Amino acid sequence: MIHYFLLYFGFIIKYESVCEKIMQEQILKIKNSAAQEISLCKDLGQLVSLKVKYLGKKGELSLLLKQMGKLSPGERKRVGQLANSVRNELENALEEKMKNIKLAQQQDKMRSERVDVTLPGKKFQIGRIHPLSKVMDEINNIFIGMGFSIVEGPEIETDHYNFEALNIPKNHPARDTQDTFYIDDELLLRTQTSPVQIRVMEKQSPPIRIISPGRVFRSDSVDSTHSPVFHQIEGLVVDKNITMADLKGTLKLFVDKLYGKDSQVKFRPHHFPFTEPSAEMDVMCFSCQGNGCSLCKQEGWIEILGCGMVHPKVLKNCGIDPEVYSGFAFGMGLERIVMRRYNIDDLRLFFENDVRFLSQF
Ligand code: DAH
């Protein structure tokens with residue numbers, strides 16, 4: 001009986017120690033497999049799952065510890081201590097791993113986003129000012145310096161402003177040389193900048209001192225000296241006591257500024273329907289000083305603009321009394337001036353936009 005009794009107790013004692021040992025082994029097993037998985041882990045998401053798998057509320061360690069009720073208080077204490085130290089170890093390992101992964105990710109990012117500051121920069125192509133704009137600005141500035149203001153007008157004009165008001169009625173021969181693109185019977189692409197004179201005189205009472213640069217259009221076919229689109233600069237001065245002397249003085253000053261102080265000009269009588277008297281102004285060829293060369297076609301002089309005293313009829317058309325006021329006007333072609341300035345022999349170059357040409361200015 002005693003024998004059996006002892007045997008029974010011996011079994012319990014043995015059973016309990018077996019149970020403790022098994023739990024300790026299982027805890028160590030969990031520790032080893034968790035430690036191995038953590039050490040192999042390379043990804044933050046995966047690391048979080050490992051934490052849940054081993055240390056979570058329903059994780060392997062917690063599930064195992066739920067069986068601690070089977071143990072004696074002494075055993076429970078030992079198993080509990082082991083479990084806590086394993087938990088701490090694994091938590092440390094997880095934290096360490098998390099730091100390492102974050103560091104590795106940061107280094108990867110820095111490596112992939114590395115900029116080589118010693119590489120040469122991308123060349124930035126800066127455009128140039130077109131030769132036409134360059135000389136246009138220069139001419140505008142000369143006149144601004146003489147107290148003129150700049151006024152722009154519409155490129156689509158009415159027959160009235162482009163012709164009628166400038167004393168060019170229907171069937172006037174001047175219309176032949178200024179054939180243009182008609183939008184309808186009334187609207188057309190302006191053939192000259194002179195209509196701006198009319199628009200200004202209608203709105204503004206004298207004194208008037210304006211220039212008007214802009215594009216004009218004619219039904220010309222393209223060749224080295226003609227283009228259906230080109231540029232003019234128009235000038236107009238209206239005040240009391242304006243005479244031909246003012247016209248000549250102003251234009252001579254302009255030429256001095258554009259071509260140099262010793263340039264020479266001459267005025268030849270001409271006809272324009274909107275000025276009376278009218279003239280064309282020539283500049284002595286600055287290449288041969290009047291001796292004749294290929295630039296001036298052996299003439300020694302180069303024609304640069306048309307001008308004259310504003311026709312009394314035109315003043316009257318705009319409501320300005322020609323008995324009180326008088327004025328002068330002029331108009332020049334920009335392309336011609338620029339071609340002579342840079343010795344360009346083909347006008348088409350201006351409009352072809354070839355950078356080899358444009359980058360020379
Ligand atoms: N509009 C003229 C033309 O295109 C140029 C011109 C000549 C304008 C004399 C003027 C001027 O203002 O007075 O041929």
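All values below were derived from every heavy atom in this structure, side-chain atoms included, with hydrogens, water molecules and symmetry-related copies excluded. Remember, it's 1-based here, ligands and their atoms both numbered in the order they're listed. Small disclaimer: the values here were computed from a predicted structure and weren't measured.
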Do D185 and K170 sit within salt-bridge range, that is, some charged N less than 4.0 Å from a carboxylate O?
no

Taking NZ, NE, NH1 and NH2 as the nitrogens, is one of them in D354 or R356 under 4.0 Å from a carboxylate oxygen of the other?
yes

Electrostatic pair E303:R336 at N-O distance under 4.0 angstrom
yes

If you look only at pairs with a residue in residues 43-66, which of them pass as a side-chain hydrogen bond (donor to acceptor under 3.5 Å, both in side chains), with sequence neighbours excluded?
S33-Y54, E37-K53, E37-Y54

Tell me, please, whether Y161 has R190 positioned over its six-membered ring: NZ or CZ under 6.0 Å from the ring centre and within 45 degrees of its axis?
no

Table of N or O contacts for ligand 1, cutoff 3.5 Å:
unit_1	atom_1	unit_2	atom_2	d
ligand 1	1 (N)	Q192	OE1	2.7
ligand 1	1 (N)	S194	OG	3.0
ligand 1	4 (O)	R218	NH2	2.9
ligand 1	4 (O)	Q232	NE2	2.8
ligand 1	12 (O)	Q197	NE2	3.0
ligand 1	12 (O)	E234	OE2	2.5
ligand 1	12 (O)	F330	N	3.4
ligand 1	12 (O)	F330	O	3.3
ligand 1	13 (O)	A329	O	3.1

Quick one about Q232 and Q192 (side-chain donor to acceptor, distance below 3.5 Å, no hydrogens or angles considered), yes or no?
no

